[in-house]
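Quick note: numbers below take in every heavy atom, side chains included, and nothing from hydrogens, waters or symmetry partners.
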Amino acid sequence: MPIRHVHDPNAAPACRTEFLTLLEQTRFLPSGVLLMTTAAFSAFSVEPFPWISPGDDLGSVITTALQVQDVSLHDGDVIVVASKVVSIAEERRVDLAAVVPGTLALELSARTGKSAEVLQVVLDESDEHFVAGERGPIIARHRLGYQLTSAGVDRDGPDGVWLLPADPDGSARRLRDAIVAAAGVRVAVVIVDSDGRADRLGSTVLALGAAGIAPLRVTEYAELDGRAKRQEETLVDLVAAAAGVILGQRGRGAPVVILRGISYEVSDDGITTILHKSRR
């Protein structure tokens, strides 16, 4: 049975929470079947956080920021990182002056009012797309398999855009390895991005890359009548949404959040293994 990290509900507040490495934290169903659960967790941002420049060693920046703020990581912490700072560190910027819009980008620009150059980058980064509503947003399936608003392309002023990390799972593993080496504790890393919804206004937060945490939480138990019940939840997206309450405030300058107390299976499977495109 895999080792899971579990929050001690009797522990002190977040900054002093102690963790036990247990096989399971459990509760009883009426049928007597045990389930692993997360009873409670805490979340806090790493701020102030330094400005990230292209080429920076993001893992070193994160560990240094934690040291400066006298924050100690605990076994089982989940470190949630906004994809924007990963893209900046990995130098994923595209200069729009070098982009020549094609016919489809020009047609989409006329329909939506968006920049033809930006739309060309969106098309270059995606396999398929559709326009939600009369004037957008444009929902595109990224070449890596994610379905995202504008294929995850993020505007950088009037003359540039940021692309997603080239390999978000790989980026998460490198960050995890650097942080574990510096802190000496076992942690997980989830890279996330804000994303709009085709059916409503506003945006939420989704996981793009993961290391040290299984992307799915699978629950199996028996109903009272003996029927087997199986449920799969995208745990990394639940983690992303929890962190997004803190990350998702524009101008905040807080691209890293620590979640403490999440129960999860340790795994390096990554997000790629649960994407429909990757599983075809």
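Of the possible donor and acceptor atoms, one in the side chain of Thr273 sits under 3.5 Å from a partner among the backbone N and O of Gly270. Between the Gln231 side chain and the Val218 main chain, no donor and acceptor come within less than 3.5 Å of each other. In terms of modelled atom types and a separation under 3.5 Å, the side chain of Thr149 and the main chain of Gly196 share a donor-acceptor contact. At distances below 3.5 Å, not a single donor-acceptor pair connects side-chain atoms of Thr219 with backbone N or O atoms of Arg230. Ser150 places no side-chain N or O within donor-acceptor distance of the main-chain N or O of Val122, the cut-off being under 3.5 Å.
With rounding to the nearest 0.5 angstrom, the CG atom of Leu216 is 5.0 Å from the CD1 atom of Ile274. The CG atom of Leu119 sits 9.0 Å away from the CD atom of Glu117 when rounded to the nearest 0.5 Å. With rounding to the nearest 0.5 angstrom, the CG atom of Leu148 is 15.0 Å from the NE2 atom of His129.
Salt-bridge check for Arg217 with Glu232: failed, with every basic side-chain N at 4.0 Å or more from each acidic carboxylate O. Looking at Glu90 and Arg174, a side-chain N of the basic residue comes within less than 4.0 Å of a carboxylate O on the acidic one, giving a salt bridge. Salt bridge Arg92/Asp154: absent, no basic N to carboxylate O contact under 4.0 Å. A salt bridge between Arg173 and Asp268 is absent, with no side-chain N of the basic residue lying under 4.0 Å from a carboxylate O of the acidic one.
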Next item on the list: Decide yes or no on salt bridge (Lys or Arg N to Asp or Glu O under 4.0 Å) for Arg260 and Asp75, but give the supporting numbers first.
Entry: CA-CA 9 Å; Arg260 183 162 290 169; Asp75 273 341; over 6 Å; no

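Gln147 pairs in a side-chain hydrogen bond (donor to acceptor under 3.5 Å, both in side chains) with only one of the listed residues (Arg141, Glu128, His142), which is Arg141.
Remark: the Ser203 side chain and the Asp195 side chain contain no N/O donor-acceptor pair separated by less than 3.5 Å. At a cut-off of 3.5 Å, with distance as the only test, no side-chain donor of Glu265 or Ser267 sits close to an acceptor on the other residue.
The shortest distance between side-chain heavy atoms of Val46 and Gln69 falls below 4.5 Å.
Summarising the geometry of Asp95 relative to Asp159, their closest heavy-atom pair is OD1-O, 3.2 Å, with the distance given to 0.1 Å.
Within 6.0 Å of atom CG in Asp70, 12 or fewer heavy atoms from other residues, nucleotides or ligands are found, so the atom counts as exposed in its surroundings.
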